[in-house]
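When reading the values below, keep in mind they use all heavy atoms of this one structure, side chains included, and skip hydrogens, waters and symmetry mates. The sequence lines fix the lettering, A, B, ..., with proteins before strands; numbering per chain opens at 1. Predicted, not measured: the structure shown is a model, and the values here were computed from it.
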Amino acid sequence: MSAVLGCGRYLPPRVVTSEELGSELGLGGTAVAERSGVMRRHYAEPGIGPSDLGREAALAALGAARLGPGDVDLIIFATMTPDIAFPGSACFLQDKLGCDTVGALDLRAQCAGFLFALAAADRFVRADRAGRVLVVGAEIHSTALDHSPRGAAATPYFGDGAGAVVLGATTEPGVLATVLHGDPAGAERFWCEFPASRHYPTRMELEHLEAGGHFYVVDAEAVHPQAERALAEVAREALDRAGVAPGAVALFLAHYLDHRVARRALESGLGVGRDRVVATAEGAGHIAAAGIPIALADAVAAGRVGRGDLVCCAAFGAGMSWAGAVIRL
Amino acid sequence: MSEAINSRILGLGHFVPERVVTNADMTRLMDTSDEWIRQRTGIEERHFITQDGGPSDLALPAAEEALRAAGIKASQLDLILLATLSPDVDFPASAAFLQRRLGVSGMPAMDVRNQCSGFLYMLATADAFIRTGGARYVLAVGAEVHSTGIDLSTLGREVAVIFGDGAGAAVLGPEPDPRRGILSTHLHSEGKYAEKLMVEVPNSRSRPRVTADMLSGPGSRLWPRMEGRYVFKHAVTRFPEVIHEALAANGYTVSDLDLLIPHQANLRISQLVAMGLELPEEKVFNNIQRYGNTTAASIPIALHEAQLAGRVKPGSLVCLAAFGAGFTWASALIRW
């Protein structure tokens with residue numbers, strides 16, 4: 001069995017309002033806020049990588065668990081914006097935390113990445129391959145976004161940040177269910193093409209840069225309906241798997257690019273009251289692999305959930321990949 | 001309190017692009033020589049793609065072969081894993097593109113990004129899912145297209161002569177006999193040396209993370225940078241360490257081992273490791289001579305060739321071990 005021993009989060013200090021962003025993107029008035037539903041997001045300073053944000057979140061999670069970096073047996077890092085192309089961000093984090101020479105696994109499942117990492121961590125613990133796993137989701141989207149008018153469709157949604165959970169072996173089950181899914185049919189509706197190893201003879205050339213091929217493409221209108229359906233379905237599937245009735249859940253974490261779609265998925269699709277849903281992207285934008293653990297740490301810090309409470313997570317994003325989890329804290 | 005049932009490799013497959021690039025071919029692109037390459041690395045030739053095609057494209061035939069060998073249909077897979085350091089596109093994961101090429105959907109697809117140790121990190125992940133009933137059948141493919149990301153001029157020669165394109169696949173499933181299958185997995189990292197072997201761009205730490213300046217060669221930061229001396233020195237220490245760790249965890253010693261398959265980083269590293277372990281030549285499998293270093297793909301390609309050559313048979317005790325960028329290193333002990 002595995003359970004969450006502690007969680008933590010970190011947002012870089014610099015706040016970027018939707019008005020500021022609007023002037024860069026050539027969108028006046030309230031257009032950025034209307035498009036994304038987000039008033040502000042945080043951007044990391046130059047020189048800061050996801051592993052730096054991840055370190056702060058990890059230290060908070062370890063502190064909450066009354067553990068230190070030396071107690072970690074395995075690091076699992078989920079991100080779609082690694083520090084550099086390779087090696088993986090988990091390796092940088094291992095060094096920055098001063099962990100022993102433990103495994104440092106980097107996973108890529110985009111916006112649902114944290115729940116994929118959580119599922120893997122749960123499996124490593126239950127298989128007795130690790131006693132305590134540090135699971136980190138961290139993103140620096142700000143350096144990957146198009147801050148010209150061409151970025152008006154995608155850039156408003158995203159922010160930077162990190163969240164972390166320490167998962168440990170327990171006699172009472174904490175992670176009650178994890179469910180993971182993928183459907184690549186519409187992968188190009190939400191993707192970033194370059195650098196692309198598949199491009200012969202060179203994976204990225206100046207013409208791709210000039211065309212903005214290294215920026216995110218988000219066809220939000222095409223993705224929203226699929227996301228809304230999948231979020232409700234995967235939450236229901238995770239609850240069924242855990243043998244938990246929706247009414248027994250203290251808090252639902254709904255994670256998707258557009259928080260209004262995420263909220264609607266659980267409120268309308270699952271019939272959950274507004275006060276029991278946190279749409280992760282509402283506060284500081286969509287932070288992909290970091291959104292769920294940040295929202296979880298915030299809910300714990302605010303006293304919205306505590307020991308013994310049931311939390312149901314649902315995430316949907318690029319890939320397409322989506323996932324659900326039911327956790328007893 | 002492990003709930004475990006062992007996992008086992010049910011089938012293997014591999015694929016390399018048709019075009020063979022010999023050391024002599026490399027001398028036409030850069031100032032190098034067949035003798036220099038052979039002496040330092042043992043490599044004689046490698047395979048490069050000749051048209052647009054990503055790791056997921058190379059992974060497809062390898063995966064299909066592994067599925068056939070396992071007697072499993074793609075639709076029966078519960079999890080698709082792909083390990084690479086040269087993904088098809090920036091995102092989503094190459095596993096998603098492989099899933100599409102396989103014509104299936106519904107099951108999760110994710111990438112493992114652990115460089116040369118990627119196959120073993122992925123194997124450990126697959127094993128953990130299967131051991132706990134989280135998945136029954138898992139496809140684990142290591143696939144790389146290096147040739148579109150190396151500097152094929154004299155400036156890049158130290159790195160460019162090493163790498164090759166290719167894919168190797170394993171289908172894993174549950175094994176009821178507790179004495180068979182994957183006996184243990186061991187994962188390690190030391191990020192202090194992360195920048196001793198890296199590709200720096202895209203670099204999330206600088207805004208924007210890709211610029212014309214970063215791309216313009218010579219010295220494009222899209223190409224790998226390697227301090228070979230560090231890598232070599234740490235490899236020859238960590239390889240034996242993690243091999244001993246796997247053997248000791250299962251109560252075995254080197255003399256119990258039937259075959260060691262080291263990640264094919266450099267023939268000289270493999271030879272030094274074998275010598276240090278006092279393993280005779282017939283107990284170590286190397287094929288870097290024909291493929292170069294295919295990072296995450298090297299172990300499954302070698303394992304498949306070893307199986308085809310009759311060097312891995314039911315009952316064989318096989319150790320897989322890797323060391324590479326990160327630094328990461330890992331091992332797995334398997335009773336075939």
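- Applying the ring-ring contact (aromatic ring centres under 6.0 Å, His included) test to B:Y193 and every residue at least two apart in sequence or in another chain returns B:H234, B:F327.
- With a 4.5 angstrom heavy-atom cutoff, A:Q110 touches chain B only via side-chain atoms.
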Please step through side-chain contact (heavy atoms from CB on, under 4.5 Å) for the pair A:R203 and B:S86, ending with a clear verdict. CA-CA 9 Å; A:R203 61 182 58 162; B:S86 55; 3.7 Å; yes

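- In this structure, the separation between CG on B:L222 and OG on A:S197 is 9.5 Å, given to the nearest 0.5 Å.
- Residue contact with chain A, scored on non-hydrogen atoms closer than 4.5 Å, involves the backbone and the side chain of B:V145 alike.
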Apply the test side-chain contact (heavy atoms from CB on, under 4.5 Å) to residues A:I84 and B:V199: give CA-CA distance (whole Å), side-chain angles for both, the deciding distance (0.1 Å), then the verdict. CA-CA 7 Å; A:I84 58 176; B:V199 167; over 6 Å; no

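- Residue B:S117 holds its OG atom at 11.0 Å from CG of A:L105, rounded to the nearest 0.5 Å.
- Residues A:D106 and B:N114 are in side-chain contact: their nearest non-hydrogen atoms beyond the backbone lie under 4.5 Å apart.
- Looking at B:A194, both its backbone and its side chain come within 4.5 Å of chain A, counting heavy atoms on both sides.
- For B:L215, the part lying near chain A is the side chain, with the backbone staying farther off; criterion is any non-hydrogen pair under 4.5 Å.
- Looking at A:F190, both its backbone and its side chain come within 4.5 Å of chain B, counting heavy atoms on both sides.
- At a 4.5 Å heavy-atom cutoff, the contact between A:H147 and chain B is made by side-chain atoms alone.
- Within the 4.5 angstrom heavy-atom criterion, only backbone atoms of A:E205 (N, CA, C, O) approach chain B.
- Of all heavy-atom pairs between B:T132 and A:A127, the closest is CG2-N, 3.4 Å.
- Interface remark: B:S206 contributes backbone atoms only to the contact with chain A (heavy atom separation under 4.5 Å).
- The minimum heavy-atom distance linking B:A325 with A:F86 is given by the pair CB-CE1, 3.8 Å.
- Heavy-atom distances place the backbone of A:I48, and not its side chain, under 4.5 Å from chain B.
- Listed options B:A109, B:P87, B:G54 were ranked by heavy-atom pairs under 4.5 angstrom with chain A; first place goes to B:P87.
- Between atom OG of residue B:S189 and atom CG of residue A:L93 there is a gap of 9.0 Å, rounded to the nearest 0.5 Å.
- B:F91 pairs in a ring-ring contact (aromatic ring centres under 6.0 Å, His included) with only one of the listed residues (A:W191, A:F215, A:Y216), which is A:Y216.
- Minimum heavy-atom separation, A:G319 to B:P92: CA-CB, 3.6 Å.
- Rounding to the nearest 0.5 angstrom, the gap separating the CD1 atom in A:I140 from the OG atom in B:S204 is 6.5 Å.
- With a 4.5 angstrom heavy-atom cutoff, A:A185 touches chain B only via backbone atoms.
- For chain B, no part of A:I76 is nearby; none of its heavy atoms comes within less than 4.5 Å.
- What you find for B:R209 and A:M80 is that their closest heavy atoms are NH1-O, 4.5 Å.
- Within the 4.5 angstrom heavy-atom criterion, only backbone atoms of A:F194 (N, CA, C, O) approach chain B.
- Taking 4.5 Å as the limit, some side-chain heavy atom of A:F124 sits within range of a side-chain heavy atom of B:L187.
- The side chain to side chain contact (heavy atoms under 4.5 Å, CB included) test with A:P87 singles out one residue from B:M198, B:K196, B:E195, and that residue is B:M198.
- Residues B:T185 and A:R129 have side chains in contact (heavy-atom distance under 4.5 Å, counting atoms from C-beta outward).
- If you measure heavy-atom distances from A:A187 to chain B, the contacts under 4.5 Å come from both the backbone and the side chain.
- Here the side chains of B:R238 and A:T101 are in contact, with some heavy-atom distance below 4.5 Å.
- Within the 4.5 angstrom heavy-atom criterion, no atom of B:D78 approaches chain A.
- B:W223 has its side chain within reach of A:T202: a pair of non-hydrogen atoms, C-beta onward, lies under 4.5 Å apart.
- Between A:L107 and B:V112, the shortest heavy-atom distance links the atoms CD2-CG2, 3.9 Å.
- Contact of A:S142 with chain B is made through the backbone alone, with heavy-atom distances under 4.5 Å.
- Counting heavy atoms from C-beta on, the side chains of A:D83 and B:R205 come closer than 4.5 Å.
- If you measure heavy-atom distances from B:Q115 to chain A, the contacts under 4.5 Å come from the side chain alone.
- In this structure, CE on A:M204 lies 10.5 Å from CE on B:M214, to the nearest 0.5 angstrom.
- Residues B:P202 and A:P195 are in side-chain contact: their nearest non-hydrogen atoms beyond the backbone lie under 4.5 Å apart.
- Both cation-pi conditions hold for A:R198 and B:F97: the charged atom is under 6.0 angstrom from the six-membered ring centre and inside a 45 degree cone around its axis.
- Annotation: maximal heavy-atom pairing with chain A below 4.5 Å, among B:T84, B:D127, B:L81, B:T328, occurs at B:D127.
- Residues A:P46 and B:R207 fail the side-chain proximity criterion, which asks for heavy atoms closer than 4.5 Å.
- B:S56 does not touch chain A: none of its heavy atoms, backbone or side chain, sits under 4.5 Å away.
- Rounded to the nearest 0.5 Å, atoms CE (B:M110) and CZ (A:R108) are 12.0 Å apart.
- If you measure heavy-atom distances from B:H186 to chain A, you find no contacts under 4.5 Å at all.
- With a 4.5 angstrom heavy-atom cutoff, B:S147 touches chain A only via backbone atoms.
- Between B:P108 and A:L180, the shortest heavy-atom contact is CD-O, 3.3 Å.
- Neither the backbone nor the side chain of B:A135 comes within contact range of chain A; no heavy atom of the residue lies under 4.5 Å from a heavy atom of that chain.
- Here the side chain of B:H188 pairs no donor or acceptor atom with the backbone of A:V102 at under 3.5 angstrom.
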